[in-house]
Amino acid sequence: MDNAGIAAAFDEIAELMEFRGENPFRIRAYSNGARAIRDLDESVQSILADPDRDLAKVPGIGKTLVEKCQTLIDTGSLPALEKLRDQVPDVLIQIARIPGLGAKKAVKLQEELNIQSLDDLRKACQTDEVANLKGFGKKTQASILDGLQIAQASAERIYWSDGDSLARAISRHMEQCEGIETMQWAGSYRRGKETIGDLDLLVVAEEDSPENRNAVMDHFESYADRTQTIGRGETKVSIRVGKAFQVDMRMVAPEQFGAALQYFTGSQAHNIHTRRLAKERGLKINEYGVFRDGEDQPIAGSTEQDVYEAIGLPWIAPELREDRQEFQWASSDQLPDLIDVDDIVGDLHMHTNATDGTATLREMADAAIERGLKYIAITDHSQRVTMAGGLDPDRLLEQWAMIDDIRSEYDGRLMILKGIECDILEKGGMDLPDDVLAQGDWVIASVHYGQKQPRDQITERILGAIENPHVDCIAHPTGRLINRRPPYEVDMDAVLHAAKEHDTIMELNANPARLDLNDVHLAAAKKLGVPIVISTDAHSTDGLDVMRFGICQARRGGLTKDDVVNTLSWTKFRKLVKA
DNA sequence: GCCGTTTTCGGCCCGACTGTTTTCAGTCG
């Protein structure tokens, strides 16, 4: 069982324990354990197998969880989890997913009204049985009925890129409101997380007063795509946009803006850590500022820098705030200078209408120049990818000859590399002969078929590609499509070590549905010194614009300009790939 | 269940909001 599987098991234990009314700190210990394992940059299995290593040294993992990891790896299951699954009916989990309901209320509904399905719950609401239950009432009943509609639609988090479009649209709307001093998005959107569950906007009103705050909140509520106002108080409005997506706006006093921004940016785990550090220094941090114990006057809070400074740390970039490495880096003055989209000068994965792209080679080249790129690689599919009209040797060599021909047109403006996205065949081996690959400048290898093969087999295929001297890069190394398709079972430890050994570059595919490698893998690659290329995998000229989504993920992995090869000037990059 | 520069017990981040209550529990982030 891999780390993701172990983490999922611990998360499920934590979730199920809620319904059993267990000690909340014990529940949190399982959640923390799950997170620690998910964030680990090597496999639990390999740590356990090494007698010189101790998994219990990982913060959040103790003796008990080590034993449970071992059991999961040995047997694939966990008696404690099986028992909980037997004890907790599925309907409880479904009920608790309804906004406003949690484990306690779910249990009460299920036990007192004998609810066996969400349909039972709907009927119980319609007959006022819920409203008559102690601890419930008319309003709760109404919100449950509401929530039954929404629960399904809001189950899925949206891509960061979609959240970004929405946030920009709302920003444009808010910019038309007079009386806003400052506004800033917080939450997982600001942290650049690959998916986001809601949006949080912080606003400081000009001449902060109740009237002015109200005017800003009114304007927020007038957003054209608002479908519902979920709640509105003196400082906060929550609206629903479209079917189910929630957007919160909070009014903040200017002297508290930094503390609020820090607080609402999260992550929760990061905040818990900062507040623990504060406590150790006799301080308290909340969304209003930093306070000495027992005092009412804040000693910091107007900027995030002040908040971090109060606990002796430099400002930490939002993308790093997951309670992974960032506190260790910050306290030892080793925070990475994260890569920026402006650092990118090349794009080394794109398709043309020779296969499944929509634009011609020249159109892609021109679009790359418009975007300030200095070099690109044309990497159409190879023959095995029949659906895309993949290139056989003859067509590929023809395309490469054409690139040779037009290079002079682009001389001094753009270097066009003769590339290919060559399939790694199901049986192993490359889809094009070595003597053909040898004639290209840039060969990326990727898996498209046989994605469901067992771990050993798919890992062997990728290792084979890494060992091939003509292969420069492994594209979308896990094949996952966020919310749609799980990653292939691949031993990423082995792949990264092999990449290091053979000087093979690993791709971070910037497509918002892929973002593959993910942040944890990127951190692992960086630690090993495996070079990364961030590529758009564009299938049209517009497709070149997804680069910035890849940059978000790279930043979350802690990557700097030096970790990413397509930040290199053409002269330096050319030496690297010997093109 | 984890953890330790007040260590092997007794803590574990912090506050808002809601709806239900007459002082609080549950939920959420």
Side-chain angles (χ1 to χ4, degrees), chain A residues 10 13-14 17-19 21-37 55-69 80 95-109 130-144 146-147 154 186-191 193 196-202 230-238 246-248 250-252 256 259-291 293 307 311 321 323:
Chain A
F10 288 169
I13 289 176
M17 285 199 306
E18 295 258 11
F19 296 99
E22 296 271 1
N23 177 345
F25 296 107
R26 198 167 156 241
I27 295 172
R28 193 205 277 176
Y30 275 98
S31 297
N32 285 344
R35 190 169 53 83
I37 282 169
L55 185 60
K57 288 248 160 59
V58 174
I61 307 292
K63 204 167 153 243
T64 308
L65 291 191
V66 170
E67 282 169 15
K68 294 202 185 318
C69 285
I95 295 173
R97 295 233 164 96
I98 295 170
L101 296 184
K104 299 255 165 61
K105 284 188 170 166
V107 167
K108 181 145 189 170
L109 284 167
V130 171
N132 293 326
L133 212 54
K134 189 169 163 57
F136 292 73
K138 284 274 182 201
K139 287 199 176 171
T140 306
Q141 181 171 272
S143 98
I144 289 172
D146 234 22
S154 63
S188 50
Y189 171 55
R190 183 167 180 239
R191 299 203 310 280
K193 206 171 170 188
I196 58 175
D198 60 14
L199 281 170
D200 297 283
L201 181 63
L202 301 186
I230 300 163
R232 174 165 171 170
E234 284 176 23
T235 61
K236 179 187 165 187
V237 195
S238 295
Q246 183 169 337
V247 185
D248 297 341
R250 291 181 167 82
M251 303 300 305
V252 180
Q256 299 170 341
L261 185 57
Q262 198 281 328
Y263 179 88
F264 287 110
T265 296
S267 67
Q268 190 178 37
H270 177 89
N271 285 356
I272 288 172
H273 197 136
T274 56
R275 280 172 256 164
R276 201 178 72 227
L277 293 178
K279 218 171 184 176
E280 287 167 12
R281 292 168 170 255
L283 301 171
K284 182 179 74 171
I285 298 182
N286 59 26
E287 62 262 54
Y288 303 114
V290 182
F291 301 84
D293 282 347
V307 174
I311 51 173
R321 298 182 195 171
D323 194 18

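Chain A is the first sequence line, chain B the second, and so forth, proteins listed ahead of strands; every chain is numbered from 1.
For A/Asn32, the side chain to side chain contact (heavy atoms under 4.5 Å, CB included) partners two or more places apart in sequence, or in a different chain, are A/Arg28, A/Arg35. For A/Ala260, the side chain to side chain contact (heavy atoms under 4.5 Å, CB included) criterion is met by A/Leu202, A/Val252, A/Phe264, not counting sequence neighbours. Legend: residues meeting salt bridge (charged side-chain N to carboxylate O under 4.0 Å, His left out) with A/Arg26, ordered by chain and number and at least two apart, are A/Glu22.
Residue A/Tyr288 places no side-chain N or O under 4.0 Å from the OP1 or OP2 atom of B/dC14. At the phosphate of B/dA16, neither OP1 nor OP2 sits under 4.0 Å from any side-chain N or O atom of A/Thr235. Within the 4.0 Å cut-off from OP1 or OP2 of B/dG15, at least one side-chain nitrogen or oxygen of A/Lys284 is found.
One P atom belongs to B/dC28, the other to B/dT23, and the distance between them is 25 Å to the nearest Å. A distance of about 24 Å separates the C1' atoms of B/dC14 and B/dC9, rounded to the whole Å. Going from the P atom of B/dG11 to that of B/dA16 covers 24 Å, rounded to whole Å. Spacing between B/dC12 and B/dC17 at atom C1', rounded to whole Å, works out to 24 Å. With both ends at atom P, the span from B/dT5 to B/dG1 equals 23 Å, rounded to whole Å. Rounded to whole Å, the separation between the C1' atoms of B/dC2 and B/dT7 comes to 13 Å. B/dT20 and B/dT27 are spaced 13 Å apart, taking the C1' atom of each and rounding to whole Å.
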I'd like a table of donor-acceptor pairs (distance under 3.5 Å, sequence neighbours excluded) in which one partner is a side-chain atom from residues 102-109 of chain A, with atom names and distances.
| from | atom 1 | to | atom 2 | distance (Å) |
| --- | --- | --- | --- | --- |
| A/Lys108 | NZ | A/Lys134 | O | 3.0 |

Show me the protein contacts with nucleotides 18-25 of chain B, counting only N or O atoms at under 3.5 Å.
| from | atom 1 | to | atom 2 | distance (Å) |
| --- | --- | --- | --- | --- |
| B/dG19 | O3' | A/Thr140 | OG1 | 3.0 |
| B/dT20 | OP1 | A/Gly137 | N | 2.4 |
| B/dT20 | OP1 | A/Gly137 | O | 3.1 |
| B/dT20 | OP1 | A/Lys138 | N | 3.3 |
| B/dT20 | OP1 | A/Thr140 | N | 3.4 |
| B/dT20 | OP1 | A/Thr140 | OG1 | 3.0 |

With 3.5 Å as the limit, what N/O pairs link the protein to nucleotides 6-12 of chain B?
| from | atom 1 | to | atom 2 | distance (Å) |
| --- | --- | --- | --- | --- |
| B/dC12 | OP1 | A/Lys279 | NZ | 2.9 |

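For A/Leu101 and A/Leu283, each mapped to the nucleotide of DNA chain B holding its nearest heavy atom, the one lying further toward the 5' end belongs to A/Leu283. Comparing A/Val66 and A/Glu234 along DNA chain B, the residue whose closest nucleotide (by nearest heavy atom) sits nearer the 5' end is A/Val66.
Nucleic acid contact for A/Pro59: sugar-phosphate only, since backbone atoms but no base atoms lie under 4.0 Å from a heavy atom of the residue. A/Ala278 comes within contact range of no nucleotide atom at all, as no heavy-atom separation falls under 4.0 Å. A/Leu65 comes within contact range of the sugar-phosphate backbone alone, with a heavy-atom separation under 4.0 Å but no base atom that close. Using a 4.0 Å heavy-atom distance criterion, A/Asn286 is classed as a sugar-phosphate-only contact.
Using Watson-Crick or G-U wobble geometry with both donor-acceptor distances under 3.5 Å, B/dT8 finds no partner in any strand shown.
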**Message:** Would A/Gln268 and A/Asn271 count as a side-chain contact (heavy atoms from CB on, under 4.5 Å) here? Give the steps.
**Reply:** CA-CA 5 Å; A/Gln268 190 178 37; A/Asn271 285 356; 5.7 Å; no
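Separating the CD atom of A/Gln256 from the P atom of B/dC14 is a distance of 17 Å, rounded to the nearest angstrom.
Between A/Asp323 and A/Ile272, the closest side-chain pair of non-hydrogen atoms is not below 4.5 Å.
Between the CD1 atom of A/Ile37 and the CD1 atom of A/Ile61 there is a distance of 4.0 Å, given to the nearest 0.5 Å.
Between B/dG29, B/dG15, B/dG1, one nucleotide has an atom nearer to the side chain of A/Ala29 than all others, and that is B/dG1.
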